[in-house]
Every structure is written in structure tokens, then in C-alpha cells.
Amino acid sequence: QVQLVESGGGLVQAGDSLRLSCTASTRTFWRYAMGWFRQAPGKEREFVSAITWIGGSTYYTDSVKGQFTISRDYAKNTVYLQMNSLKPEDTAVYYCAARTYDTGTYSPGSDDDYDYWGQGIQVTVSS
């Protein structure tokens, strides 16, 4: 069982930046692809970004390309989501997720593909 703990959320103004962190309770962090999802009020949860196992290929939903950057630190068992030029429409609860390595097909944008989830953290962007 892997526990994921998000941090770094909060209330900011439009145009500000935030960096979300997600720390995994595992000694084999390299075995997990990591994803970020978000859920805005009244909407379904949606994919934001993901980073694969060793090698770190990255994926982004179109609406955040060029605005958000995902990265991971294997020494700290942590994945980050740097969010720049935030907009009110980025307001949501952000969730971190982990997918255990296997040889099957990995669909970064599918929440069904993830084995573990964090509790979520609120990001609110005021206009």
C-alpha cells in the first residue's frame, strides 16, 4: 500500500504561481508513474498531467500545456506540479495518483489506470 500526501495548495490571485507536491510512502518510487488530476465544483474529475517511471516522459492536458510543468525527485519520493499564470478556471481540488509499473498499456489520462490516490488539496484562484 502506498500513501500519497499532497501539499502546496491554497488561495492565490489570477496570474500567480503555485507548486503542488505529492510525497509517496514507498522505497521504490521509481516503480510508479505519477499523475495529477483535478475536480472543479460541479464537474467530473479530469486529467491534468502525468510523468512516467524512469525516464520521465511527461503528458499534459491541452488546457495546461505551457502553463503547468510536472517533475519528480526520486531522492525525495516526490512529484511536483508547477502551476504558473493561474486562472480562475484552474480552481479545483487537485489529486495526486500513482500507477504501479507493469508491462501493460498505460493510459496517463485515465483515472482507472491508477492504483493509489491522495486525499486531494484545494487550489483556489481568485479573479
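Hydrogens, waters and symmetry mates are skipped; everything else that's a heavy atom, side chains included, is used.
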Can you tell me how far [atom2] of [Y] sits from [atom1] of [X], rounded to the nearest 0.5 angstrom?
X     : Y     : atom1 : atom2 : value
Glu89 : Lys43 : CD    : NZ    : 8.5 Å
Arg38 : Leu20 : CZ    : CG    : 11.0 Å
Arg45 : Tyr94 : CZ    : OH    : 14.0 Å

*asked:* Taking the six-membered ring for Trp, are Phe47 and Tyr59 closer than 6.0 Å centroid to centroid?
replied: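 Here the rings of Tyr59 and Phe47 have centres that are no less than 6.0 Å from each other.
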*Is the ring centre of Trp53 less than 6.0 Å from the ring centre of Tyr101?*
yes
Would you call [X] and [Y] a side-chain contact if the rule is heavy atoms closer than 4.5 Å?
X      : Y     : result
Trp36  : Tyr60 : no
Glu46  : Gln39 : no
Val125 : Asp16 : no
Val123 : Thr91 : no
Leu86  : Ser17 : no
Ser71  : Gln82 : no

*asked:* Under a 3.5 Å threshold, yes or no: a donor from one side chain and an acceptor from the other, between Thr124 and Gln122?
replied: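 Yes - a donor-acceptor pair under 3.5 Å links their side chains.
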*Would you tell me whether Thr78 and Thr23 have side-chain atoms, one donor and one acceptor, within less than 3.5 Å of each other?*
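Yes, Thr23 and Thr78 have a side-chain donor paired with an acceptor closer than 3.5 Å.
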Give the minimum heavy-atom separation between [X] and [Y], together with the two atoms involved.
X      : Y      : answer
Leu4   : Cys22  : CB-SG, 3.8 Å
Pro88  : Ala14  : CD-CB, 4.1 Å
Val79  : Cys96  : CG1-SG, 4.0 Å
Ala33  : Tyr114 : O-CE2, 4.3 Å
Thr105 : Asp113 : O-OD2, 3.6 Å

*Tell me, yes or no, whether the heavy-atom count around Gln13 atom CD, taken from other residues, nucleotides or ligands under 6.0 Å, exceeds 12.*
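12 or below, so no.
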_Pair Gln67-Met83, side-chain contact (heavy atoms from CB on, under 4.5 Å): steps then yes or no_ = CA-CA 6 Å; Gln67 181 189 0; Met83 306 186 294; 6.0 Å; no
I'd like to know if the side chain of [X] reaches the main chain of [Y], judged simply by a donor and an acceptor atom lying under 3.5 Å from each other, with no hydrogens or angles considered.
X      : Y      : answer
Ser49  : Ile70  : no
Tyr116 : Thr100 : no
Gln3   : Ser25  : no
Thr26  : Thr28  : yes

_Ring-face cation of Arg19 near Tyr80 (centre distance under 6.0 Å, axis angle within 45°)_ =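 Because its charged atom sits under 6.0 Å from the ring centre and within 45° of the axis, Arg19 does stack over Tyr80.
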*Please determine if Arg99 forms a cation-pi arrangement with Tyr32, meaning its NZ or CZ atom is less than 6.0 Å from the six-membered ring centre and no more than 45° off the ring axis.*
no
*Can you hop from Met34 to Val5 via hydrophobic side chains spaced under 4.5 Å?*
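No, it is not one cluster - the side chains of Met34 and Val5 are not joined through contacts under 4.5 Å.
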_Check Lys87 with Asp90, please: is the shortest side-chain N to carboxylate O separation under 4.0 Å?_
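Salt bridge between Asp90 and Lys87, a charged N being under 4.0 Å from a carboxylate O: no.
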*Over 60° means perpendicular and under 30° means parallel, so classify the ring planes of Trp117 and Tyr95, tilted if in between.*
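It falls in the perpendicular class, over 60°.
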_Candidates Val64, Thr69, Val48, Leu18 - the one meeting side chain to side chain contact (heavy atoms under 4.5 Å, CB included) with Leu81_ =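 Only one option passes, and that is Val48.
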